[in-house]
Amino acid sequence: MPDGKLSPSATPRVRFAPSPTGYLHVGGARTALFNWLFARHTGGTLILRIEDTDFERSSEAMVEGILDGMRWLGLTWDEGPFYQSKRLDLYKETAAKIVASGNAYPCFCTKEDLEQRRKEAAEAGRPLMYNRRCRRIPREVAEARVAAGEPAAIRFAVPVEGSTSFDDAVFGKVEFANAEIEDFVLLRSDGIPTYHLSVVADDIDMRLTHIIRGADHISNTPKQVLQYRALGAPLPVFVHVPLILGPDKTRLSKRHGATSVTAYKEMGIVPEAFRNFLSLLGWTPGGLKDENGKDREVFSSAELIALFSLEGISKSNAVFDNDKLAWFNAEYIRALPVDELSKMLEPVLSQAGLHATTEKLLAVTPLIRERIKTLNDAATVADFLFVDKLAPYDAADLIPQKGDAALAVRILGKTRDVLGQVDFTSTSMEQALREAATELGVKAGPMFQPIRVAVSGRKNAPPLFESMEVMGREVCLKRIGYAEERLKLLAAQEPALQDKGNES
RNA sequence: GGCGCUAUCGUCUAGGGGUUAGGACGUGAGAUUCUCAAUCUUAAAACCCGGGUUCGAUUCCCGGUAGCGCUACCA
């Protein structure tokens, strides 16, 4: 058997081969990422191949979605995209070669036959595998029937005895008893190849050296190894990467929430963060320490490429952790220069109906940069800085923890006076307001809380003085005046509420 | 059911025949602070179980268990 490996010194050629029956999901993205990292690390070639032989389920829209996802992640490919649907001749030729080698045969069983038999097998005994009925048809007879136009699929004649194994770069030697492998279909009766045939035909034709793909393909691999042998083709290195699971440890699927990479884009995840996070799911550079002796986790793309190696791929499945992703994302957002971040924030804000000048956005960005975990968070964190009219808030929030409505009114009144005269910069305001607090005999905390609520409509907000500076004097004064009125109303109508405010 | 693969804190993981089993996310507490966030300090938290091998196993081997995958004229 020519079981030889491809020359290890050859420049690596790898591929990402999605099936356009859905969007680019997280698992696919990770596979694409590993292929990309490997290609870039080794100076190899990444080929994009669209496995669209299932015409029923494939669509051009899905292809676009997948391409979009890859572009968003910055995963560039060097050749393709190639479409399997346009390479049908290659598959027919390949199937013919395998038939000629005596390793495949025509099968005349209809789908109905097969289903019927499977059903019976399930009810009675066990083996659900194809019973190789047509393999026993003499070659001349079979050829005659094919020549007569009888529809036939082509099946691979799997050895009855022995075993088929391969050396996986991450799992080591994996072996399957041939008796467990059924005579799988290569070419359907309509002349369309099955996955088993088209992958092998293409992987050989495209001269791939490493097959990096999900571990769900381990069980398919012996079927492919058998074909390589029948075709006398050297085996590539198989690299199966563990699967990504949802929080409940089942396969990641729609019910786990976002599972397409574009969904993460829409959530305001930045691609570099997503890529960093994803690269560490099932792979580690192996305990690289930072200057504090802690394991490093944040890596630039260049570092990821430099560090990537097959040895670091783990064997066990990994659970996708949204919290960790959010942390990575926040980490990247915080590290972004203000001008860059504000450009990314602009579309998010305008989509939320918050329009701002570039200048204002540049002023706001540093105030919210470390307060958002996703780009989208900006809309909720910063809305009060842009909006004309504050969202309704509870007037009781204007009352400081240890105080009453009367105090709040005094604070606000004083603030209005101060703000009317002071230079409207954050430093001047802070200084003046702190002095005012001293005059009123209140501490900074209780002093600023009513102002914050009055001005932002909420108890937790970005830094007060910087925010006010961005908003401008007029808006601030107006909002404070409005708050005073609400407080007076509150005090007059519901004295009970005051007590409540005191207690809480 | 059959076959295959896997198994370190809740999660991602480092490590490895002798360690106080390390880090990160998340969680708790504290510091700082105009609130929140960020930051810093700190706490709790793991080697699936059972047999071997060995002076010594979390680490090596076997079995069990569990999880995942495959089991189509889908990919």
Side-chain angles (χ1 to χ4, degrees), chain A residues 17-22 51-54 56-58 84 107 109-111 114-115 118 122 126-130 151-155 168 171-172 174-177 179-182 184-190 192-196 198-199 214-222 240 242-243 245 247 249-251 277 280-284 286-290 292-298 314-328 330 334 367-373 381 430 433-434 437 443-449 451-453 456 458-465:
Chain A
S19 177
T21 54
E51 309 218 321
D52 58 348
T53 53
D54 184 344
E56 303 280 300
R57 299 196 301 150
S58 300
Q84 290 193 322
C107 172
C109 300
T110 64
K111 208 165 180 173
L114 296 168
E115 268 165 28
R118 220 186 331 265
R126 208 154 303 142
L128 257 54
M129 293 196 300
Y130 176 61
I154 302 297
R155 282 184 188 271
D168 192 281
F171 289 96
V174 184
E175 187 170 25
F176 291 82
E180 299 294 337
I181 307 170
E182 81 170 340
F184 54 97
V185 171
L186 255 18
L187 209 56
R188 304 178 222 183
S189 50
D190 60 4
I192 305 300
T194 63
Y195 163 75
H196 300 298
S198 57
V199 247
D216 49 343
H217 285 291
I218 287 178
S219 312
N220 292 325
T221 308
H240 286 103
L243 269 16
L245 310 178
K249 300 197 179 184
T250 65
R251 212 175 181 178
F277 168 70
L280 260 19
L281 271 189
W283 173 77
T284 25
L288 254 195
K289 308 284 192 223
D290 64 14
N292 297 318
K294 304 193 168 178
D295 291 356
R296 286 195 56 198
E297 294 196 286
V298 177
S314 67
K315 296 189 226 278
S316 42
N317 295 340
V319 173
F320 189 95
D321 183 357
N322 276 302
D323 286 340
K324 185 104 184 200
L325 202 220
W327 174 78
F328 268 109
R334 284 195 292 272
L367 305 185
I368 63 172
R369 184 165 49 174
E370 49 197 34
R371 269 163 264 261
I372 55 176
K373 280 187 182 308
V381 172
E430 177 163 8
L433 258 11
R434 279 186 191 279
K443 295 198 164 150
M447 173 75 189
F448 299 144
Q449 199 217 336
I451 308 176
R452 173 176 303 105
V453 174
S456 71
R458 65 175 95 128
K459 290 191 270 191
N460 300 330
L464 180 58
F465 311 109

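For clarity, every value in this text was computed on a predicted model and none was experimentally measured. Order of the sequence lines fixes the chain letters, A, B, ..., with proteins taken first and strands second; residue numbering starts at 1 for each chain.
- Nearer the 5' end of RNA chain B, as judged by each residue's closest nucleotide, is the contact made by A:Arg452, out of A:Arg452 and A:Cys107.
- Taking the P atoms as reference points, B:U19 lies 34 Å from B:G28, given to the whole Å.
- The nearest whole Å value for the distance from the CG atom in A:Leu433 to the C1' atom in B:U35 is 15 Å.
- In this structure B:G10 sits in a base pair with B:C25, meeting the Watson-Crick or G-U test at under 3.5 Å.
- Taking the P atoms as reference points, B:G67 lies 35 Å from B:A29, given to the whole Å.
- Across all strands shown, B:A46 has no partner, as no Watson-Crick or G-U wobble contact with both distances under 3.5 Å is found.
- When both distances must be under 3.5 Å, the Watson-Crick or G-U wobble mate of B:C60 is B:G52.
- Checking B:U19 for Watson-Crick or G-U wobble geometry (two distances, each under 3.5 Å) identifies no partner in any strand.
- Residue A:Asn317 places no side-chain atom within donor-acceptor reach of the base of B:G67, judged by atom type and a 3.5 Å distance cut-off alone.
- As rounded to the nearest Å, B:U32 and B:C47 have P atoms that lie 37 Å from one another.
- Going from the C1' atom of B:U20 to that of B:C9 covers 16 Å, rounded to whole Å.
- The CH2 atom of A:Trp327 sits 11 Å away from the C1' atom of B:C12 (whole-angstrom rounding).
- Using a 4.0 Å heavy-atom distance criterion, A:Glu115 is classed as making no nucleic acid contact.
- Counting non-hydrogen atoms under 4.0 angstrom, A:Glu182 reaches the backbone sugars and phosphates but no base.
- A donor and an acceptor atom sit less than 3.5 Å apart, one in the side chain of A:Lys324 and one in the base of B:A24.
- Phosphate contact (OP1/OP2 of B:A14, side-chain N/O of A:Thr284, threshold under 4.0 Å): present.
- A:Val185 has its side chain out of reach of A:Cys107: every pair of non-hydrogen atoms, C-beta onward, lies at least 4.5 Å apart.
- Backbone-only engagement by A:Pro193 is indicated by non-hydrogen atom pairs under 4.0 Å involving sugar-phosphate atoms exclusively.
- Between the A:Asn292 side chain and the A:Lys294 main chain, no donor and acceptor come within less than 3.5 Å of each other.
- Within the 4.0 angstrom heavy-atom criterion, base atoms lie near A:Leu464.
- A salt bridge is absent between A:Glu115 and A:Lys111: the closest approach of a Lys/Arg side-chain nitrogen to an acidic carboxylate oxygen does not fall below 4.0 angstrom.
- For B:G1, the paired nucleotide is B:U71, the pair qualifying as Watson-Crick or G-U wobble because both relevant distances are below 3.5 Å.
- A:Gly282 comes within 4.0 angstrom of the backbone, heavy atoms only, and of no base.
- Going from atom CG of A:Leu114 over to atom P of B:U71 covers 15 Å, rounded to whole Å.
- Here the C1' atom of nucleotide B:C70 and the CZ atom of A:Phe171 are 13 Å apart, to the nearest Å.
- For B:C74, the OP1/OP2 oxygens have no side-chain nitrogen or oxygen of A:Ser19 closer than 4.0 Å.
- For the C1' atom pair drawn from B:G2 and B:G15, the interatomic distance equals 37 Å after rounding to whole Å.
- Here the P atom of nucleotide B:G2 and the CD1 atom of A:Ile181 are 18 Å apart, to the nearest Å.
- In terms of modelled atom types and a separation under 3.5 Å, the side chain of A:Thr194 and the main chain of A:Leu187 share no donor-acceptor contact.
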(request) Quick one: do A:His240 and A:Phe171 satisfy ring-ring contact (aromatic ring centres under 6.0 Å, His included)? Show the steps, please. (result) CA-CA 7 Å; A:His240 286 103; A:Phe171 289 96; 7.1 Å; no

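- Across the interface with RNA chain B, nearest-nucleotide mapping of A:Glu370 and A:Ala444 shows A:Ala444 to be the residue nearer the 5′ end.
- B:A31 sits 44 Å from B:A66 when the C1' atoms are compared, rounded to a whole Å.
- Across B:A57 and B:C62, the matching C1' atoms stand 15 Å from one another, rounded to whole Å.
- The side chain of A:Arg371 places no N or O atom within less than 4.0 Å of a non-bridging phosphate oxygen (OP1 or OP2) of B:U39.
- Within 4.0 Å of A:Pro242, counting heavy atoms only, lies no atom of the nucleic acid at all.
- Nucleotides B:A14 and B:A46 have their C1' atoms positioned 13 Å apart, rounded to a whole Å.
- In this structure the side chain of A:Lys289 reaches within 4.5 angstrom of the side chain of A:Asp295, judged on heavy atoms.
- The partner of B:U39 is B:A31, judged by Watson-Crick or G-U wobble contacts that both fall below 3.5 Å.
- When heavy atoms are screened at a 4.0 angstrom cut-off, A:Arg369 is found touching no nucleic acid atom at all.
- Within the 4.0 angstrom heavy-atom criterion, only backbone atoms of the sugar-phosphate kind lie near A:Thr250; the bases stay farther away.
- A:Ser316 comes within 4.0 angstrom of the backbone, heavy atoms only, and of no base.
- Side-chain proximity of A:Ser219 to B:A75, B:C12, B:G69: nearest is B:G69.
- Here A:Lys294 reaches the OP1 or OP2 of B:A24: one of its side-chain N or O atoms lies under 4.0 Å away.
- As judged by a 4.0 angstrom heavy-atom cut-off over every strand, A:Ser456 is placed among residues making no nucleic acid contact.
- Counting any heavy atom pair closer than 4.0 Å across all strands shown, A:Glu297 reaches a base atom.
- For A:Lys459 and B:A37, the NZ to C1' distance is 17 Å, given to the nearest whole Å.
- A:Leu128 has its side chain out of reach of A:Glu182: every pair of non-hydrogen atoms, C-beta onward, lies at least 4.5 Å apart.
- Across all strands, A:Ile154 comes closer than 4.0 Å to no nucleic acid atom at all (heavy-atom distances).
- In terms of polar N and O atoms assigned as donor or acceptor, the side chain of A:Ser189 comes within less than 3.5 Å of the base of B:C73 in a complementary pairing.
- Nucleic acid contact class of A:Pro247 (heavy atoms, under 4.0 Å, all strands): none.
- When the P atom of B:A72 is taken as reference, atom CG of A:Asp54 falls 15 Å away, rounded to whole Å.
- One can place NZ of A:Lys111 at 9 Å from C1' of B:C74, the figure rounded to the nearest angstrom.
- Inter-residue side-chain proximity for A:Ser316 and A:Pro242 is flagged as unmet; no heavy-atom pair is nearer than 4.5 Å.
- Phosphate proximity of B:G23 to A:Arg296: absent, as no side-chain N or O sits under 4.0 Å from OP1 or OP2.
- Between A:Arg188 and B:A72 there is no side-chain N or O to OP1 or OP2 distance below 4.0 Å.
- For the pair A:His217/A:Tyr195, a side-chain contact is recorded, criterion being any heavy-atom separation below 4.5 Å from C-beta on.
- Side chains of A:Leu325 and A:Phe320 form a contact here, defined as non-hydrogen atoms less than 4.5 Å apart.
- Contact annotation for A:Ala153: base contact, defined as any heavy-atom pair under 4.0 Å involving a base atom.
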